[in-house]
Amino acid sequence: MEHQEFQEELNVLIQRRRDELAALRERGINPYPYSFRKTHRSADILATFRDDTAGENVAVAGRILSIRRMGKASFAHLLDSSGKIQVYLRRDDIGEMYDAFRLMDIGDIIGVEGFVFRTKMGEVSVHARAVTLLSKSARPLPIVKEKTDERGNKIVFDQFADKELRYRQRYVDLIVNPGVRDVFRERAQILRTIRNFLDARGCLEVETPVLQPIYGGASARPFITHHNALDIDLYLRIADELYLKRLIVGGFDGVYEIAKDFRNEGMDRFHNPEFTMLELYVAYQDYVWMMKLVEELVGTVTRELCGTTEVPSGGTVIDFASPWKRITMFDAIREYAGENLRGLGEQDLRRIARKLDVPVEPEAGAGKIIDEIFSERVQPQLIQPTFIMDYPLEMSPLAKRHRSEEGLVERFEAMVNGQELCNAFSELNDPADQRARFEEQMKLRARGDEEAQMLDEDFLRALEYGMPPTAGVGIGIDRLVMLLTGQESIRDVILFPHMRPER
RNA sequence: GGGGCUGUAGCUCAGGGGUAGAGCAUCUGCCUUUUAAGCAGAGGGUCGCUGGUUCGAGCCCAGCCAGCCUCACCA
């Protein structure tokens, strides 16, 4: 409070707005009225305007982004949810309201009733017959100006570009950087398309607990919270896999959840502590079937969003058209790193890792070494969508053993732009094997691996009742959105990315 | 956690030991089809924080805080 008062005393820009607010009230104007009957969005007016129909009556409402005052007449640009439109206010037309308008500022939200016309300079605008203050802004808005040069290029001046301010004050970012709104509209469209696609295939969207007594379904460190009434610690979910599989046991043929997961780990341009994951489980199918579904799903989303399966990214074009390349992990390592690891023991694997200059921790087992070699030497080269199939068993405690390859599981990941897009398996449904795998994880945990998975007795009980053969997949939605909207940081596809608290 | 870069007016930025600067925004005056509107004038700053060096510190040094990039860890 002290800080607030200090700042307000200090800041002439804020003080001025308070004075204006008082002056408006003195004129009998309510600076915060209750509603406004707007008839048009700016984009609709611009899209439908024809010179021979000029004069249409409209009521628009939006935030003032710029004002050009010329004595007894003014131009201003209003921003509404659809975009910007210019309004023209003349003292001769609106009388005393023009004097009130003198007390309005960039950042204020106003309604303008009037008729549509085209200015001498050619811009479709609204000629005001009335102006109504809808919300007085108490704080100066960053002023971003732009100009279109002779070649039609847009030059932006004083862009609001400070990333910290943009993320902390996303509301300001959304106001002054129009591209930001577009990204989040595209995100919504991607999610809508995914839901439509899965619903059309008979999958049921469900909701499972965020607060879990035992976390599972992924290898990650959790956030811990506390439930007072029960006096127990609970974990924020790191995945919803084990709950969704319980629902397959329960008899649903296909279930999915678009879930916020929480992982208590580092942050960088690919990781946010809370992120959105699609998980999908389909009964009576295996991972081969699931590859086909992922291709179709991503292809559909891409076509809906971009009108094509070709998406520019990082200087190249990614083509999501089916079929995507399929290759086993061993074959990929042979093809991209020139080493055949099939059948090799830990000693030989360690030697090859050293030869390829891939650092490997001394306690890593064979599967971990293979995974490291793949991640370091192969994955970055996988730019076009590629399914990597058949992973080492020890890295995948929830995946079913490979039907023909000893030591491997039926698992695939789709790689795009050197990044993992999804992770999928033929789900392990043998309760005895699942128990044994959990026990292996518990041994790792006892050795200090904080990310090893926990044994979930209730999940095992569910499997013991019997789960049909099932294919499952997880798709990181944020990274999919990054890819399809051309954003380089996960923070640009999450409205309120995690930040250290302001001090 | 390591390394690099950054923090100066509401916004975008300059200034690298000697009285805090520019453009936009704001205020005053003029201006009834402007558009980065224009012209004339004015106000606005704990130069991220704390300490140190110095006659004197946005500037040099140290620590801290915050952000970005990058590597590591991690899916």
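This is a predicted model, so every value here is computed, not measured. Here is the naming used below: chain letters follow the sequence lines, and residue numbers restart at 1 for every chain.
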Of A:Met499 and A:Glu372, the one whose closest nucleotide on RNA chain B sits nearer the 5' end is A:Met499
Between B:G67 atom C1' and A:Met267 atom CE, what is the distance in whole Å? 11 Å
How close or far is atom C1' of B:A9 from atom CD1 of A:Ile14, stated in whole angstroms? 13 Å
Without decimals, in angstroms, what is the distance between A:Ile155 CD1 and B:A36 P? 10 Å
By the 4.0 Å heavy-atom rule, please label A:Glu420 as base, sugar-phosphate, or nothing. base
A:Asp158 CG to B:A9 C1', in whole Å, measures 13 Å
Taking CG from A:Asp105 and P from B:C27, how many angstroms apart are they, rounded to a whole number? 6 Å
So A:Gln379, base contact, sugar-phosphate only, or nothing? Heavy-atom distance under 4.0 Å. base
Steps toward ring pair (Phe, Tyr, Trp, His ring centres under 6.0 Å) verdict (A:Phe412, A:Phe387): CA-CA 6 Å; A:Phe412 70 84; A:Phe387 288 119; 5.1 Å; yes
With a cut-off of less than 4.0 Å, is there a side-chain N or O of A:Lys145 near OP1 or OP2 of B:U12? no
Applying a 4.0 Å non-hydrogen cut-off, can you work out what A:Gln169 is touching in the nucleic acid: base, sugar-phosphate, or nothing? nothing
Any base atoms under 4.0 Å from A:Phe270, or only sugar-phosphate, or nothing? Heavy atoms, all strands. nothing
Note: A:Asp19-A:Arg16 ion pair, threshold 4.0 Å (strictly below): no
In whole angstrom, what separates A:Asp268's CG from B:G1's P? 15 Å
For A:Ser375, answer base if it contacts any base atom (sugar-phosphate contacts may also be present), sugar-phosphate if it contacts only those atoms, and nothing otherwise; contact means non-hydrogen atoms under 4.0 Å. base
Ion pair check, A:Lys443 and A:Glu439, cut-off under 4.0 Å: no
Any side-chain N or O of A:Arg168 under 4.0 Å from OP1/OP2 of B:A66? no
Taking only the side-chain nitrogens and oxygens of A:Arg16, find out if one of them lies under 4.0 Å from OP1 or OP2 of B:C27. yes
Lys/Arg N to Asp/Glu carboxylate O, A:Glu20 vs A:Lys136, below 4.0 Å: yes
Testing B:U33, B:C31, B:C69 for proximity to the side chain of A:Lys72, the answer is B:C31
Just checking A:Leu165: base, sugar-phosphate only, or nothing, at a heavy-atom cut-off of under 4.0 Å? sugar-phosphate
Give a yes/no answer on whether the side chain of A:Arg68 brings an N or O atom under 4.0 Å of OP1 or OP2 in B:A37. yes
Do A:Glu274 and A:Lys260 meet the salt-bridge criterion of a basic N to acidic O distance under 4.0 Å? yes
Spacing of A:Glu146 atom CD relative to B:A25 atom P, expressed in whole Å: 15 Å
Which base, if any, makes a Watson-Crick or G-U wobble pair with B:G7, both distances under 3.5 Å? B:C65
Atom NZ of A:Lys84 to atom C1' of B:A36: distance rounded to whole Å? 11 Å
Exactly one of A:Lys400, A:Lys245, A:Arg411 should register a salt bridge (charged side-chain N to carboxylate O under 4.0 Å, His left out) with A:Glu427. Which one does? A:Lys245
Determine the contact category for A:Asp93: base if any of its heavy atoms lies under 4.0 Å from a base atom, sugar-phosphate if only primed atoms, P, OP1 or OP2 are that close, otherwise nothing. nothing
A:Arg269 near the nucleic acid: base, sugar-phosphate alone, or nothing, with a heavy-atom cut-off under 4.0 Å? sugar-phosphate
Touch check for A:Ala218, heavy atoms < 4.0 angstrom, all strands: base, sugar-phosphate only, or nothing? nothing
Among the candidates B:A36, B:U26, B:U33, find the nucleotide nearest to the side-chain atoms of A:Lys147. B:A36
Need one value for A:Glu123: base, sugar-phosphate or nothing, where a base atom within 4.0 Å counts as base even if backbone is also close, heavy atoms only. base
